[in-house]
Protein chains: 2
Amino acid sequence: MSTLPQQKIDEVRSIFQAFLKKRNKRQTPERFAVLEEIYQTEDHIDADELYVRLKQDGTEVSRATVYNTLELLLECDLVVRHQFGKNQAKYERAYSYWQHDHLICMDCNELFEFCDPRLQSIQEMVADIYEFEIKHHSLNMYGHCIRENCPNRAEDSDRDEADSADKTTAKKAATNEAES
Amino acid sequence: MSTLPQQKIDEVRSIFQAFLKKRNKRQTPERFAVLEEIYQTEDHIDADELYVRLKQDGTEVSRATVYNTLELLLECDLVVRHQFGKNQAKYERAYSYWQHDHLICMDCNELFEFCDPRLQSIQEMVADIYEFEIKHHSLNMYGHCIRENCPNRAEDSDRDEADSADKTTAKKAATNEAES
DNA sequence: GTGTATGCAAACCGTTTGCACCTCT
DNA sequence: AGAGGTGCAAACGGTTTGCATACAC
């Protein structure tokens with residue numbers, strides 16, 4: 001599953017190498033270890049989990065190095081960081097994987113990915129109007145999934161009917177979008 | 001500027017009151033002070049700044065209370081939280097203010113708001129496909145603004161020409177929507 | 001009067017930093 | 001050889017929590 005074709009590993013490695021050289025940074029084994037660990041990971045991973053996995057794989061690294069290396073990988077676009085919540089920064093390999101957005105279940109924290117081309121045009125339009133050079137975007141949709149293994153499966157039975165009342169308010173406001 | 005019509009203040013106050021009563025929570029002056037302070041604030045504000053302003057206004061509050069109250073206000077949808085960066089959680093009044101998205105300058109941290117109806121349909125489509133009940137979304141676009149008072153004004157000197165590819169998207173249009 | 005909110009300060013947790021040692025170039 | 005990176009642990013900063021007191025109900 002997580003076995004990545006050697007070719008791809010070499011590819012990202014050499015990209016990283018080139019980047020480091022251009023920046024006059026050292027090519028240390030730790031840095032490449034971090035790179036590979038991320039690319040061996042299909043889904044999103046946070047810094048600490050990355051640290052743990054590296055240790056498990058026998059690589060002696062410190063958290064400082066992990067964070068440091070992540071920063072470099074972000075700068076050369078080999079890795080993307082997603083800030084999902086207050087304390088939920090997750091990292092993900094980025095090279096030759098399509099840009100996507102996220103759908104998050106607020107009950108089970110399950111993560112889904114989707115992609116809609118319209119976002120690209122929205123981005124271009126916004127860049128144009130505001131005279132911005134947009135580097136990247138982050139679109140997260142939060143809600144409740146309706147899967148059986150999700151805590152929310154029982155539906156909005158009693159949990160917080162408390163705010164179901166003001167939901168009407170919200171709903172009302174939401175319906176007429178033209179209000180702007 | 002920040003003088004809100006008394007009517008609107010009363011409106012949100014009574015919504016909050018109803019919410020507190022339904023939840024069997026006390027209606028304390030501190031809680032209403034937090035509510036009003038947020039609604040007196042046009043733009044985004046972080047928890048600490050809120051705390052400082054409350055103190056300035058003569059309200060004796062603790063950070064704990066601010067956070068506690070913010071949580072309540074989030075739950076009744078009177079306030080929205082935006083997580084912009086790692087340590088950049090900002091709050092904003094939400095009642096009867098239209099949902100918008102954000103454009104952030106990575107150099108000067110300036111914030112712009114925009115709204116595109118296509119997002120609504122994207123949201124509905126995603127909800128449909130993934131069988132989700134989507135509660136809200138958060139779309140942030142990050143980039144470099146091209147304003148004179150922005151540190152980035154000096155342009156891409158040497159920083160990282162590595163990813164200059166997508167720079168072509170940036171355009172030197174004439175329309176200027178910039179406000180505050 | 002009762003139980004919940006508050007203020008204060010200490011704890012918390014992910015992230016960053018300072019320092020002495022190590023290693024890639 | 002020496003600039004630069006590393007590991008470690010302590011510092012950091014926004015947020016949360018525990019506890020004694022105060023106050024809304």
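Just so we're on the same page: letters track the sequence lines, and every chain starts at 1. Computed over heavy atoms, backbone and side chain alike; hydrogens, waters and symmetry mates excluded.
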The residue, B:Asp46 or B:Gln27, whose nearest nucleotide of DNA chain D is more 5′ is B:Asp46
**Request:** Give me the ring orientation class for A:Tyr142 and B:His136: parallel if the planes are under 30° apart, tilted from 30 to 60°, perpendicular past 60°.
**Result:** parallel
A:Leu74 atom CG is separated from C:dT15 atom C1', nearest whole Å, by 14 Å
A:Asn68 vs D:dT6: side-chain N/O to OP1/OP2 distance below 4.0 Å: yes
> Ion pair present between B:Glu49 and B:Lys90, side-chain N to carboxylate O less than 4.0 angstrom?
Replying inline: no
Would you say a side-chain N or O of A:Lys21 is under 4.0 Å from OP1 or OP2 of C:dT25? no
Is the ring centre of B:Tyr67 less than 6.0 Å from the ring centre of B:Tyr51? no
Between A:Tyr51 and B:Arg81, the residue closer to the 5' end of DNA chain D by nearest nucleotide is A:Tyr51
- Item | Presence of A:Tyr67 side-chain N/O under 4.0 Å of C:dT16 phosphate oxygens OP1/OP2 | no
note: A:Phe32, atom CZ; C:dC24, atom P; distance rounded to Å ~ 11 Å
DNA chain C nearest-nucleotide lookup for B:Ala64 and B:Lys25: closer to the 5′ end is B:Lys25
Check your understanding: Would you say the side chain of A:Arg26 and the base of D:dG5 hold a donor-acceptor pair, judged only by whether the two atoms sit under 3.5 Å apart?
Key -> no
Here the distance between atom P of D:dA3 and atom CG of A:Asn24, to the nearest Å, is 14 Å
B:Leu72 CG to C:dT4 C1', in whole Å, measures 12 Å
When rounded to whole Å, the CD to P distance for the pair A:Gln88 and C:dG14 reads 11 Å
Checklist entry - Run the side-chain hydrogen bond (donor to acceptor under 3.5 Å, both in side chains) check on A:Glu133 and B:His144 step by step: do they pass? => result CA-CA 5 Å; A:Glu133 177 194 352; B:His144 303 290; 5.0 Å; no
Taken to the nearest whole Å, CZ/A:Arg63 to C1'/C:dG18 is 18 Å
Out of D:dT17, C:dC24, D:dC8, minimum distance to the side chain of A:Thr28 belongs to C:dC24
From CZ of B:Arg31 across to C1' of D:dC23 the rounded distance in Å is 12 Å
The residue among B:Ile9, B:Leu70, B:Leu73, B:Ile15 that forms side chain to side chain contact (heavy atoms under 4.5 Å, CB included) with B:Leu35 is B:Leu73
Ranking C:dT15, C:dC24, C:dC8 by distance to the side chain of A:Pro29, first place goes to C:dC24
Here the distance between atom P of D:dG14 and atom CD of B:Glu49, to the nearest Å, is 12 Å
Picking from C:dG7, D:dT16, C:dG14, the nucleotide nearest the side-chain atoms of A:Lys86 would be D:dT16
